[in-house]
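Step one of this worksheet: look at the structure below.
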Amino acid sequence: MNASYGRDLDLNLLRVFAVVADTGSVTDAARQLYLTQPAVSAALRRLTAAIGAPLFVRRGRGLELTGRGQRLHATLVPHLQAILDAALSAPQWNPATSERTLRLGVSDVAELWLLPALLRALAREAPRMCVVAVPVRFRTVAAALASGLDAAVTVADELPATVRRQPLFCGSFVCLFDPRHTRLRRAPTLEEYFALDHVIVSYNGDLRGIVEDVVRRQRKVRCSISTFATLGALIDGSALVATVPTTVAAHIRETRSHLATRPLPFEIEGSPTELLWPSSADDDDACRFVRGKIVDIARAEAPKL
């Protein structure tokens, strides 16, 4: 920072000076600035003391700039106007030219349906923007947002009041399997379901998943993994079955269409997937643009759920 910023000079005094110089009158300047005459006079005295030279001389009923005042006025006015314009003018943000990099937290489920569609949308409308995808889960998203994420898409529990949240959709669960190796009726019974060998996604790194928590009955778990990313490859060509959100099943079947789904023999109430962002990013044009794209993509995905 320039050393002159440390001097005893209130920059508000310069605005008072400029208005007095333009009007030639303390009274008229006070009226324009919505200040009292004594307040304007006091501001001029403080500015004169800070600069160390007189800026005005009295001429009749008005004030006239001294040579020092004229030089200050000539230098100040263009910069003061530029500052006012910058403060009051609406920013002109253009997605086509923006080079912003946004940090987006995504759950492993959201990675499947969101990131490919979002990158395609950005390639069309904001080709210079970049996305840094950060893995988040419902237990970690609050800390991740507090650490600088611009937005996140995941399931979440309670969050601080500083986090904005918008529900995107609430999906259900299905049983995903390879019909070449596992036979399942269109409506499997509870006993048929629990007789199968299962692969589960466990964020705790154990043999318990959402079914164990909801139904209170342990499946025959042959494999527990930490992400949905490899689930399709594990099911394909094996007798393993997986209980997954419908959006995960739909995206796995886009590349493995020979896999099949069946309804579960019990109800699992899914939690809503939400768009989350810090309140400080409410009026950030780039963040608003990307949030809008995420909402559009979620609406397009919702019928598949």
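Throughout, residue positions are numbered sequentially from 1 according to the sequence presented.
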Open item on the list: Less than 4.0 angstrom from a charged side-chain N to a carboxylate O is my criterion; do E158 and R165 meet it?
Closed with: no
When rounded to the nearest 0.5 Å, the distance separating CZ of F169 from CD of E274 is 11.0 Å
query = On the ring face of F194, is R219 found with NZ or CZ under 6.0 Å from the centre and within 45° of the axis?
reply = no
>> If you define the side chain from C-beta out and look only at heavy atoms, does anything of V290 sit under 4.5 Å from M129?
In response: yes
Output for pair (L72 CG, L47 CG), nearest 0.5 Å, gives 6.5 Å
d(R291 CZ, Q166 CD) to nearest 0.5 Å is 9.0 Å
Between the side chains of D282 and W277, does any donor sit under 3.5 Å from an acceptor? yes
Decide, yes or no, whether a salt bridge links R58 with E64 under the criterion of side-chain N to carboxylate O below 4.0 Å.
no
Students should find that the hydrophobic cluster of I200, defined by side-chain heavy atoms under 4.5 Å apart, otherwise consists of L207, V221
Review point. How are the rings of F228 and Y203 set relative to one another: parallel (under 30°), tilted (30 to 60°) or perpendicular (over 60°)?
Key: perpendicular
S238 and H181 have their tightest heavy-atom pair at O-CB, 3.3 Å
Answer yes when R208 and D206 have at least one side-chain N-carboxylate O distance shorter than 4.0 Å, and no when they do not. no
Y193 meets the ring pair (Phe, Tyr, Trp, His ring centres under 6.0 Å) criterion, sequence neighbours left out, with H198, F266
Smallest heavy-atom separation, V134 atom then R103 atom, equals CG2-NH2, 3.6 Å
Scanning both residues in full, the closest heavy-atom pair of A152 with V141 reads CB-CG2, 3.7 Å
